[in-house]
Amino acid sequence: MMKRLVLLAAALVCAAEEPGAILAPPTLSAHAGAGTVRFIGRGTGALKMDGKPVETVSPHAGVQAAELKPASEGAHTLEFEGQTLRFFTGANPDGEFKAFRAHPPSNQCETCHAVRNGRWRFQRVSLASVCSQCHSKETFQAKHTHEMPVLTDCQLCHNPHGSTTAVPAHLKLAREAACKQCHALQ
Ligand code: HEC
Ligand code: HEC
Ligand code: HEC
Ligand code: HEC
């Protein structure tokens, strides 16, 4: 039975105090083919790939993006804001890497994001209304325990910038852990 309900502050989203982070590509993702790998970062620091500086574009202060084009295929290292991760480009990644699964709109930042009151936020007042431009309420209802307004902070569970095929539905965490963000299970 679900006893306690801890309400989450919606202010968690896009809090200015959040530490810098690499938001894409996902750690240990494998990118096949000739396409570029999308980097998305939160923070003002410099980006390095394989130890060398990479230029980024900044659509807003503290928001950085880049199209990574490694010179050779294989494993690569990214360093940003004190965080380090590895990804793979080309054919035949070893088992450590899992195929990248893009979330199709994620290259067009303005599909979801807008600068509001000087901050990097979302196009609409609720995130659910951003996502439901493309995802129907019916599909949502079939897959979720709650009505959309209760789960309006989709990013509690989903990674909108893409994930790997190691997880279904771009999930960030296992179902049980997802529920525990609001319910203390007993
Ligand atoms: C499909 C919708 C969507 C698209 C497209 C998208 N994002 Fe996001 N983004 C989100 C959501 C949802 C969050 C919420 C935070 C999270 O994942 O924890 C977020 C968070 C962020 C953050 C962290 C903000 C903060 O203050 O914590 C940054 C930076 C960011 N996105 C940059 C980008 C950039 C740059 C692009 C384009 C290359 C982009 N996003 C495309 C949905 C999107
Ligand atoms: C509490 C965690 C949680 C939140 C919050 C959440 N989801 Fe999900 N979502 C899930 C889980 C778990 C699945 C996988 C269900 C399955 O396949 O069994 C899923 C599946 C999906 C799918 C895939 C549906 C399909 O056809 O397979 C979409 C699309 C989706 N969610 C959109 C959203 C949107 C949009 C929001 C915000 C309005 C949201 N989710 C909020 C947990 C969550
Ligand atoms: C511009 C349209 C668009 C927007 C806006 C959008 N998505 Fe998507 N989304 C897609 C498309 C296209 C797919 C790919 C469906 C597929 O893989 O077959 C997808 C796939 C997904 C999936 C995986 C579904 C599955 O079958 O596993 C999830 C989860 C998801 N989106 C969540 C979100 C969330 C959360 C938001 C808001 C932050 C969002 N989407 C916003 C177009 C969009
Ligand atoms: C974003 C916060 C949030 C998340 C995540 C969440 N819930 Fe809830 N849950 C609520 C709220 C708010 C209510 C009360 C309102 C309602 O019933 O919609 C509730 C009510 C419930 C209830 C009705 C029983 C009760 O105690 O009132 C069940 C069962 C439940 N949730 C199951 C789940 C499961 C299973 C998951 C994970 C898949 C989950 N919830 C994830 C917020 C959440």
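For reference, positions follow the sequence shown, starting with 1. Counting starts at 1 for both ligands and their atoms, following the listed order.
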For ligand 4, does Thr145 get within less than 4.0 Å through its side chain, its backbone, both, or neither, judged by non-hydrogen atoms? side chain
Using a 4.0 Å heavy-atom threshold (strictly under), name the region of His146 that reaches ligand 4: side chain, backbone, both or neither. side chain
Which pairs of N or O atoms, one from ligand 3 and one from the protein, are separated by less than 3.5 Å, and what is the distance for each pair?
{"from": "ligand 3", "atom 1": "7 (N)", "to": "His103", "atom 2": "NE2", "distance (Å)": "3.0"}
{"from": "ligand 3", "atom 1": "7 (N)", "to": "His135", "atom 2": "NE2", "distance (Å)": "2.8"}
{"from": "ligand 3", "atom 1": "9 (N)", "to": "His103", "atom 2": "NE2", "distance (Å)": "2.9"}
{"from": "ligand 3", "atom 1": "9 (N)", "to": "His135", "atom 2": "NE2", "distance (Å)": "2.9"}
{"from": "ligand 3", "atom 1": "17 (O)", "to": "Arg101", "atom 2": "NH2", "distance (Å)": "3.2"}
{"from": "ligand 3", "atom 1": "27 (O)", "to": "Arg101", "atom 2": "NH1", "distance (Å)": "3.2"}
{"from": "ligand 3", "atom 1": "27 (O)", "to": "Arg101", "atom 2": "NH2", "distance (Å)": "3.2"}
{"from": "ligand 3", "atom 1": "31 (N)", "to": "His103", "atom 2": "NE2", "distance (Å)": "2.8"}
{"from": "ligand 3", "atom 1": "31 (N)", "to": "His135", "atom 2": "NE2", "distance (Å)": "2.8"}
{"from": "ligand 3", "atom 1": "40 (N)", "to": "His103", "atom 2": "NE2", "distance (Å)": "2.8"}
{"from": "ligand 3", "atom 1": "40 (N)", "to": "His135", "atom 2": "NE2", "distance (Å)": "2.7"}

Side chain to side chain contact (heavy atoms under 4.5 Å, CB included) assessment of Gln64 paired with Val57: CA-CA 6 Å; Gln64 298 194 53; Val57 293; over 6 Å; no
Would you sort out whether Lys172 and Val167 count as a side chain to side chain contact (heavy atoms under 4.5 Å, CB included), showing the intermediate values? CA-CA 8 Å; Lys172 282 180 176 169; Val167 294; over 6 Å; no
Show the atoms of ligand 1 that are less than 4.0 angstrom away from any heavy atom in Lys172. 16 (C), 17 (O), 18 (O)
Please work out which of the three classes, parallel, tilted or perpendicular, describes the rings of His60 and Trp120, given edges at 30° and 60°. parallel
Residues in ring pair (Phe, Tyr, Trp, His ring centres under 6.0 Å) contact with His135, at least two apart in sequence or another chain: none
Answer with yes or no whether Gly62 contacts ligand 1, where contact means a heavy atom under 4.0 Å from a ligand atom. no
Closest non-hydrogen atom pair between Leu85 and Ile22, with its separation: CD2-CG2, 3.8 Å
Between His60 and ligand 1, which part of the residue brings a heavy atom under 4.0 Å of the ligand: side chain, backbone, both or neither? neither
With sequence neighbours left out, the residues meeting ring pair (Phe, Tyr, Trp, His ring centres under 6.0 Å) with His76 are Phe87
Taking all non-hydrogen atoms of both residues, which atom of His113 and which atom of Gln123 are closest, and how far apart? O-NE2, 2.9 Å
What atoms of ligand 1 come within less than 4.0 Å of a heavy atom belonging to Gly41? 29 (C)
I want to know whether His103 and His170 have ring centres closer than 6.0 Å. yes
Run the salt-bridge test on Arg86 and Glu96 with the 4.0 Å N-O cut-off and return the result as yes or no. yes
What pairs with Phe140 under side-chain contact (heavy atoms from CB on, under 4.5 Å), at least two apart in sequence or on another chain? His144, Met148, Leu151
Provide the number and element of each atom of ligand 1 under 4.0 Å from a heavy atom of Leu23. 21 (C), 22 (C), 23 (C), 28 (C), 29 (C), 30 (C)
Ligand 4 contact on His144 by region, counting heavy-atom pairs under 4.0 Å: neither
Out of all atoms in ligand 4, which are within 4.0 Å of some heavy atom of Ala178? Include the element for each. 5 (C)
N/O of His183 under 3.5 Å from N/O of ligand 4, yes or no? yes
Mind listing the closest non-hydrogen atom pair of Thr152 and Leu127 along with its distance? O-CB, 3.4 Å
